[in-house]
Participant: 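Dropping a structure here in structure tokens format, bear with me for questions.
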Amino acid sequence: MSGEEHTNPPAQAGEDLPKPAPRVLTIAAGDIVDALDLGLRDFRAAPLYGLFFGGIYAVGGMLIVLTASALQMSYVSYPLAVGFALIGPFIAVGLYEVSRRREKGEPLQWGPVLGVIFAQRRRETGWMAFVTLFILVMWMYQVRVLLALFIGLHAPTTFNGFLDVVVGTPEGLIFLGIGHVVGAFNSLVLFSLTVVSFPLLLDREVDFVTAMITSVRAVFTNPKPMIGWAFIIMVLLMIAIAPFFIGLFIALPILGHTTWHLYRKLVAPEGG
């Protein structure tokens, strides 16, 4: 046996140390306005990208509602439309990439932009997509439970019939009120989990749990401006959805680009 000893080379200083958690910054209401202005500039500078991704979102919403109608389940059209709005942050990944490229001065080309989106399936963004879809499914189950409790198991099969029951009976009004409270809670939870996490996952190599924790910390560190931003999102999406999702062609790109710039204001640069 030779006298050689096989030892592992010494680790580089800091090589095995975990990366520090992203540092959350404090913002004010003026930062929301500034981010909106920057988001509008991105949309005006690259409108085709915004209309493309907004169109995917709008057509997806249309197909969901038309499918519910074809299956004689028109009564779930409204909660489905509201729930579908919850997965907007995942659809907006392409918009984040457009804003990131404009910020870095990189050329805007369809191949690289779409390539980044497809590359997300091998990254932690896929897990975040699962989180958003899970909350959407839970929202629809909650709607079914509320329907059974307040309207009965045999809900109207047409949307007009559903509206007559909801706005014309005491049980329907209770269903409408509680449903909006539950939906608002689900939206607030998902907003807190995703408002920073999707752009953070696109920008850095972090796991989705760290991204969600950072997003929640950003909301809790800046409750007033972030609740204000959540309210702006809700109002714009409700207005955009009303004309059979057509408004999403414009609303989604503006919200997506703005979210990227808001992320830049909420999370310190890597190593900063």
Side-chain angles (χ1 to χ4, degrees), residues 27-63 81-82 84-120 125 128-129 132 187 190-191 194-203 215 218 222 225-267 269:
I27 65 170
D31 292 302
I32 304 292
V33 176
D34 185 51
L36 265 170
D37 180 59
L38 293 171
L40 283 168
R41 291 184 191 181
D42 283 348
F43 182 43
R44 288 196 297 263
L48 290 180
Y49 291 92
L51 293 173
F52 173 76
F53 291 112
I56 291 176
Y57 195 41
V59 171
M62 295 174 188
L63 290 175
V82 174
F84 182 67
L86 298 178
I87 64 174
F90 178 67
I91 305 294
V93 168
L95 298 167
Y96 304 152
E97 175 63 9
V98 170
S99 290
R100 188 196 69 80
R101 285 178 170 271
R102 290 198 70 240
E103 181 183 275
K104 298 291 186 181
E106 299 176 5
L108 283 179
Q109 298 175 336
W110 285 103
V113 170
L114 295 177
V116 165
I117 298 172
F118 290 122
Q120 299 307 305
T125 310
M128 279 306 306
T132 60
S187 299
L190 192 59
F191 171 80
T194 62
V195 65
V196 162
S197 56
F198 275 103
L200 178 59
L201 288 170
L202 176 68
D203 190 41
S215 189
N222 305 278
M226 295 308 289
I227 293 299
W229 174 232
F231 180 76
I232 291 172
I233 292 175
M234 179 189 70
V235 171
L236 286 180
L237 287 180
M238 293 303 293
I239 294 173
I241 288 172
F244 200 55
F245 298 93
I246 296 297
L248 291 176
F249 278 87
I250 304 298
L252 183 75
I254 293 174
L255 293 174
H257 291 309
T258 300
T259 297
W260 173 263
H261 293 290
L262 192 57
Y263 153 70
R264 285 302 201 198
K265 294 177 180 293
L266 284 166
V267 180

Participant: Is any side-chain heavy atom of Thr125 closer than 4.5 Å to one of Leu202?
Facilitator: no

Participant: How many angstroms lie between atom CD1 of Ile232 and atom CG of Leu36, to the nearest 0.5 angstrom?
Facilitator: 5.5 Å

Participant: Would a 4.5 Å heavy-atom cut-off, applied to side chains only, mark Phe198 and Tyr263 as touching?
Facilitator: no

Participant: Is there side-chain contact between Ile227 and Phe231, with at least one heavy-atom pair below 4.5 Å?
Facilitator: no

Participant: State which residue, out of Arg101, His257, Glu103, fulfils the side chain to side chain contact (heavy atoms under 4.5 Å, CB included) condition with Asp42.
Facilitator: His257

Participant: Please examine the side chains of Leu262 and Ile27, heavy atoms only from C-beta on, and report whether any two atoms are closer than 4.5 Å.
Facilitator: yes

Participant: So Glu97 and Tyr49, do their side chains get closer than 4.5 Å, heavy atoms only?
Facilitator: no

Participant: If every non-hydrogen atom of Ala218 is compared with every non-hydrogen atom of Met226, which pair is closest and at what distance?
Facilitator: O-CG, 3.9 Å

Participant: Would you say that Val93 contacts Phe53 through its side chain, given a criterion of any heavy-atom pair below 4.5 Å between the two side chains?
Facilitator: no

Participant: So how far is it from Asp37 CG to Ile32 CD1, rounded to the nearest 0.5 Å?
Facilitator: 13.0 Å

Participant: Does Arg264 reach the side chain of Asp203, with side-chain heavy atoms less than 4.5 Å apart?
Facilitator: yes

Participant: If you apply the rule side-chain contact (heavy atoms from CB on, under 4.5 Å), what do you find for Phe43 with Ile250, and how did you get there?
Facilitator: CA-CA 9 Å; Phe43 182 43; Ile250 304 298; 3.8 Å; yes

Participant: Please identify each residue that fulfils side-chain contact (heavy atoms from CB on, under 4.5 Å) with Leu40, with sequence neighbours left out.
Facilitator: Arg44, Ile254

Participant: Kindly indicate whether the side chain of Tyr96, heavy atoms from C-beta on, has any atom under 4.5 Å from the side chain of Val116.
Facilitator: no

Participant: Look up atom CD1 in Ile239 and atom CG in Leu248, then write down how far apart they are to the nearest 0.5 Å.
Facilitator: 11.5 Å

Participant: Could you give the distance from CG (Asp31) to CG (Asn222), rounded to the nearest 0.5 Å?
Facilitator: 8.5 Å

Participant: What verdict does the side-chain contact (heavy atoms from CB on, under 4.5 Å) test give for Val98 and Trp260, after you've listed the backbone C-alpha separation in whole Å, the side-chain angles of each residue and the deciding distance to 0.1 Å?
Facilitator: CA-CA 10 Å; Val98 170; Trp260 173 263; over 6 Å; no

Participant: With rounding to the nearest 0.5 Å, note down the distance linking CG in Leu255 to OH in Tyr57.
Facilitator: 9.0 Å

Participant: Please report the interatomic distance CZ(Phe245) to CG(Leu63), rounded to the nearest 0.5 Å.
Facilitator: 9.5 Å

Participant: Restricting to non-hydrogen atoms, name the atom on Ala29 and the atom on Pro225 that form the minimum distance, rounded to 0.1 Å.
Facilitator: N-CB, 4.3 Å

